[in-house]
Structure formats: C-alpha cells, structure tokens
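Below: one structure, written as structure tokens.
Just so you know, ligand 1 is whichever comes first in the structure, and atom 1 is the first atom listed for that ligand. As the structure is a prediction and not an experimental result, all values here were calculated from the model.
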Amino acid sequence: MERDTILILDFGGQYKQLIARRVRECQVYCEILPYTTALEELKSRDPKGIILTGGPSSVYDPASPTCDSALFSLGVPVLGICYGSQLMAHLLGGRVQPASVSEYGRTELTMDAADSALFTDVPESTVCWMSHTDRITALPDGFRATAHTADCPVAAMEDADRRLYATQFHPEVEHTPQGADMLRRFVRDVCGCRGDWHMASFVEEQIPVLRERVGKGRVLLALSGGVDSSVTAALLSRAVGKQLICVFVDHGLMRKNEGAQVRSIFGPEGGFDLNYVHVDAKDRFYAALQGVSEPEQKRRIIGEQFIRVFEETARSLGTVEYLAQGTIYPDVVESGAGSGGATIKSHHNVGGLPKDMGFRGIVEPLRMLFKDEVRALGTELGLPQGLLYRQPFPGPGLGVRIMGAITPDKVRIVQEADAIFQEELRHFGIDTGRGQFFAALTDMRSVGVMGDHRTYDCAVVLRAVLTSDFMTATATRLPYELLETAMNRIVNTVPGVNRVLYDLTSKPPATIELE
Ligand code: XMP
C-alpha cells in the first residue's frame with residue numbers, strides 16, 4: 001500500500017520544520033520542498049495534500065516567491081499558512097494589501113464558521129499567533145472568511161468545494177493552542193490521510209529500498225555510539241546484514257565504559273547481524289595529543305587522527321562501495337539541501353569524513369526523520385533505551401572536558417567523576433533529557449588535607465545546564481544534597497581529586513563545554 005504523503009512548499013518561512021513536525025505527529029509522512037519545485041514533480045509524488053508555508057515577502061512584490069496557480073486545480077487539498085494564505089488569495093483573484101496595523105504575537109481570534117472542517121472543535125473565541133504586515137482585503141471567488149481578529153478581517157478563509165484552506169495565523173506554533181488540532185483536521189479529515197506512518201511501517205518500507213540501493217555491495221559506517229549512527233547501523237544491519245561494516249574508533253576520550261558498551265551491542269556478542277570492527281586507537285590519540293593544551297589545536301588533532309584511523313581501517317577492508325551516514329532531517333533542512341542530491345553531512349564531530357575514498361555512493365537512511373522518530377525507530381529495532389536517550393556527547397569527547405594537556409590519568413579522573421555524577425543524577429531522579437550534565441576537569445591544582453597528609457591535587461567541576469538549542473543555556477538548580485553526595489563520593493574515591501566545584505555560569509558568556 002502506498003503511504004500517504006503531505007508536501008510542504010517552502011516560501012522561506014521560519015516555521016517550516018515545525019509544520020513538518022506537526023504533520024508527522026499526526027502519523028502522516030511529509031516532506032519539505034522548495035517553492036520552485038515544478039508542478040509535474042509535485043504531481044509525480046501523488047500528495048494527499050499540500051501546505052504552503054509562510055515567508056517574509058509580499059505577494060504584490062514582483063520578485064516575491066510564487067507558485068504555479070494550477071497547483072490549486074489539481075484536486076489536491078491545499079492549506080496556505082501566513083504568506084501561503086496571501087499567495088493563495090493573490091493567485092486566485094483576491095486582493096492582498098499592506099495592513100494599517102501589523103499584528104505580531106498572541107492575538108484574539110474569533111471563528112466565523114462553526115461548520116468549517118478545519119475548526120470542528122475550536123471554540124468561537126480563541127487565541128492564535130500572528131506575524132504579518134500584509135492582509136487579505138478581498139476574497140477570491142468561491143471563498144468565505146472563516147475567522148477574523150480585531151485588525152484582520154480574513155484571519156482564515158476556505159473554499160470547501162475545492163478543498164482550499166488558508167490561515168493568516170500560524171497553527172503550527174504552540175502559541176496557537178488549537179493549532180495542532182487544526183492541522184490534524186486538515187491532514188486527516190480534509191486530505192483523508194490514514195495516520196499509519198509509524199516506525200514499524202518505516203522499517204518495512206525502507207528495507208527493500210535499501211536492499212535495492214546497495215545490491216551486493218558493501219556499506220561502511222563510522223559508528224560513534226551516538227543515537228543517529230547507532231540507529232543507522234541497526235537499520236542497515238536488518239536490511240543488508242553482513243554487507244554492513246561498522247567501524248568504531250575508540251579515541252580514548254569516551255565516557256566511562258562507553259567503548260565496551262558499543263562493542264557489547266554491535267560486536268559479536270550483540271544481537272545485530274553485521275561486521276563490526278573495533279579500533280582501539282587510544283594510545284595513538286594520546287601520543288598525538290601529548291603536551292598540547294590549546295583547545296582548538298586539540299580539536300584539530302582529534303579530528304585529523306580520527307580521519308587517518310578511519311581511512312587506514314577502510315583501506316584494509318578492500319573495496320567498499322557505499323558509505324553510510326546518520327544524517328537526519330534537521331541536518332538536511334538546515335543545510336538547505338531540501339530533497340534530492342546527497343549532501344555529505346559535515347561531520348563536525350570528527351572534523352569531516354574523507355570525501356575522496358572512491359565510494360560509489362552515500363547511503364543516508366534516516367535523512368527524512370526527526371530526532372524523536374529516530375529514537376522511536378531505534379526502539380523498534382531493539383536498541384537499548386539508555387543508548388537512545390543518552391545526552392549528546394561532543395565529537396572530541398572528553399578532549400573538550402579536560403582543560404589543558406590530556407593524559408591517560410586525567411581521562412581516568414574525569415571518567416570516574418562523571419560516572420559518579422551521572423549515578424547521583426539518576427538516583428535523585430533528575431531529568432537530564434533537556435540539557436548537558438557532566439563532570440569536567442579543570443587545570444587547577446590546589447592544596448588539601450587527607451588524613452594527616454597534605455595533598456596538592458586536581459579540581460573537578462560539575463556542569464549541569466538546561467538548553468533547547470545549545471546556543472543558550474542556563475545552569476540548573478540541582479538539589480544541594482545531590483551536589484554534596486557527588487562531591488563526597490568523588491573526593492573520597494577518585495584518586496588525584498581534592499576539590500569539586502559547581503559551575504554556575506550560563507551560556508553566554510560561558511560555553512557549555514569547558515574548551
Ligand atoms: P558549547 O561548548 O559550544 O557546546 O556551548 C554546544 C554544544 O555543542 C557540543 N560541542 C561539540 N560537538 N564537536 C562536536 O561534535 C565539537 O567540537 C563540539 N564542541 C562543543 C557541546 O557538547 C554542546 O552540546
């Protein structure tokens with residue numbers, strides 16, 4: 001059975017990903033395409049519905065992005081949002097003009113058509129999120145206004161016979177509390193999507209596609225132990241079994257036991273059918289990093305060494321036709337790639353994977369999935385929850401959590417201290433899902449006293465920040481007892497540490513990591 005697809009035409013709106021998220025939350029598959037996509041291409045995808053996003057332009061500006069007006073006569077339901085609604089009005093013979101008052105933000109909304117398929121359960125008076133300076137001043141033929149605000153007579157309009165709908169406001173944002181319901185009505189009721197897009201069907205659908213793509217070729221994947229590469233490995237193993245070769249490079253800067261964990265899941269003892277290569281490159285990384293204390297230089301060395309080790313390992317495997325990557329949808333959308341052509345994810349984790357290794361192609365089976373879908377897929381494929389919901393970990397690993405020159409002893413200290421901190425966070429029931437919580441090692445040494453002895457040892461710093469975008473972050477108010485217990489355990493059981501500090505700084509001015 002063909003899957004139902006909603007296409008989202010992007011006119012430059014900042015919320016396009018959010019629209020896609022809301023549609024997927026209705027268990028309906030969708031894709032974002034540039035507004036320049038030809039009508040024939042849209043038709044060939046056999047969409048159940050099309051959504052036009054917002055955008056910063058004005059429809060009456062001749063240089064503004066537009067679409068073929070034949071889009072509205074395909075017989076496919078269309079929902080225009082913000083700029084998309086104005087474009088619909090403009091192209092179908094209505095009028096759009098600058099508004100005397102721009103509406104921005106939370107706005108009272110009055111519904112004028114209780115029988116609208118979009119607004120079935122919406123109360124007569126509600127709230128929406130507006131962001132516009134133009135407005136629709138004359139409806140196209142066949143349309144009726146279905147909602148208004150104080151300054152916007154056409155806050156929503158529709159031609160139910162042609163299944164064309166439009167909202168000046170943004171139903172996709174949380175500030176429109178009924179918005180998710182409106183989008184659900186559109187994709188499920190108006191477009192008739194079944195809502196059967198879930199990860200079991202994704203696996204079923206992808207396996208033959210991946211088999212066909214790869215044929216008898218072999219596929220190489222750099223497994224980092226993170227969510228995306230692990231789920232990529234699990235899915236490809238289901239599709240092509242031993243044709244998949246996963247290379248895990250242990251650079252010696254992992255969290256405690258992490259390398260062993262990856263081996264236990266993907267190695268010969270684990271439940272996956274694949275070829276697993278575990279490269280213990282610790283000594284090599286430590287040697288290259290010896291005496292280097294400048295943060296950017298450390299990063300560069302780690303990235304370079306990674307590529308070298310990976311290349312050497314790949315070369316020793318003979319001819320491998322494909323390179324697999326754990327690229328996910330936000331990477332694709334942010335890189336501006338939209339649909340089509342393989343973009344090589346600039347793997348900031350490892351400083352970029354080699355591009356000239358003679359692969360026949362790149363395989364990116366997650367490139368249409370959001371992070372939570374990747375996690376759901378991982379669950380479907382039998383990966384442990386601890387791996388799927390772990391905190392993000394920087395590519396250079398503990399290299400950016402150890403200030404100054406790296407030594408195996410400092411790595412041991414920070415691993416032990418971090419493991420204790422993580423245990424206490426779990427013990428106190430702290431939800432670490434929305435931030436970064438870790439121990440790091442300062443380059444400070446200070447005097448202490450242990451028993452009757454003077455010590456001159458290191459200071460560990462605990463960092464616990466909440467963040468949604470990793471661009472800004474605030475330190476959390478962890479329970480004092482937690483900090484105290486972690487401190488006690490660390491100074492008592494981790495040799496070489498005589499002080500534990502808590503980092504209160506937000507980002508900015510500090511960064512999340514120490515280096
Ligand atoms: P900062 O320290 O810049 O970190 O506030 C923001 C987020 O990015 C991660 N991070 C890195 N990830 N390579 C990575 O793959 C790096 O060099 C790197 N530096 C920071 C950091 O863990 C945090 O989540």
Side-chain angles (χ1 to χ4, degrees), residues 221-232 248-256 258-259 262 285 288-289 292-307 309-310 325-328 330-331 334-335 344-354 366 371 374-375 387-404 406 411 414-415 417-418 421-422 425 430-443 461-476 501-515:
L221 171 70
L223 190 62
S224 71
V227 179
D228 303 340
S229 67
S230 297
V231 175
T232 304
F248 174 77
V249 176
D250 186 347
H251 52 26
L253 301 164
M254 301 285 165
R255 288 169 285 204
K256 189 180 176 185
E258 206 166 3
V262 173
F285 277 84
L289 287 164
V292 180
S293 54
E294 204 281 311
E296 284 308 305
Q297 204 186 343
K298 280 161 55 178
R299 267 202 178 74
R300 225 172 9 254
I301 291 172
I302 296 168
E304 271 168 22
Q305 286 296 323
F306 184 91
I307 291 175
V309 174
F310 187 76
Q325 295 201 132
T327 313
I328 69 171
D331 305 327
E334 270 156 33
S335 74
I344 297 185
K345 179 180 183 182
S346 75
H347 216 287
H348 74 150
N349 273 356
V350 291
L353 280 181
L366 311 183
K371 194 78 172 187
V374 171
R375 292 195 167 111
L387 186 154
L388 296 173
Y389 287 88
R390 70 164 43 142
Q391 291 166 48
F393 190 56
L398 301 181
V400 291
R401 295 185 180 173
I402 295 172
M403 291 173 71
I406 293 167
V411 172
V414 78
Q415 281 178 337
D418 184 65
F421 188 38
Q422 302 300 336
L425 288 164
I430 304 295
D431 173 13
T432 55
R434 289 181 303 120
Q436 287 267 55
F437 296 69
F438 58 87
L441 189 60
T442 70
D443 59 356
V461 59
L462 304 180
R463 186 102 173 104
V465 298
L466 292 183
T467 176
S468 53
D469 55 9
F470 295 90
M471 303 296 286
T472 59
T474 45
T476 63
L501 315 171
Y502 184 62
D503 187 346
L504 281 174
T505 332
S506 59
K507 172 182 180 175
T511 53
I512 294 176
E513 306 294 344
L514 267 65
E515 289 202 333

Please round to the nearest 0.5 Å and tell me the distance separating atom CG of L253 and atom CZ of F306.
12.0 Å

The one among P295, P394, P392, G226 that brings a heavy atom closest to atom 12 (N) of ligand 1:
P394

Are the side chains of R390 and R255 in touch, meaning some heavy atoms are under 4.5 Å apart?
yes

Can you list everything that forms a side chain to side chain donor-acceptor pair (under 3.5 Å) with S229? Sequence neighbours excluded, please.
S224

Indicate yes or no: does an N/O atom of I512 lie under 3.5 Å from an N/O atom of ligand 1?
yes

Can you list the steps and then say if F285 with I406 is a side-chain contact (heavy atoms from CB on, under 4.5 Å)?
CA-CA 10 Å; F285 277 84; I406 293 167; over 6 Å; no

Do ligand 1 and R401 have nitrogen or oxygen atoms that lie under 3.5 Å from each other?
no

In terms of atom number and element, which parts of ligand 1 are under 4.0 angstrom from non-hydrogen atoms of K507?
1 (P), 3 (O), 5 (O), 6 (C)

So, regarding E515 and ligand 1 (criterion: nitrogen or oxygen to nitrogen or oxygen, under 3.5 Å), is there a contact or not?
no

K298 side-chain N/O to I402 backbone N/O, donor-acceptor pair under 3.5 Å:
yes

Ligand-residue contact atoms, ligand 1 with P396, heavy atoms, under 4.0 Å
13 (N), 14 (C), 16 (C), 17 (O)

Can you find an N or O of V400 that's nearer than 3.5 Å to an N or O of ligand 1?
no

Only heavy atoms of Q436, strictly under 4.0 Å: list the atoms of ligand 1 that pass.
21 (C), 22 (O), 23 (C), 24 (O)

For the pair R299 and E513, find out whether any cationic side-chain nitrogen is under 4.0 Å from an anionic carboxylate oxygen.
no

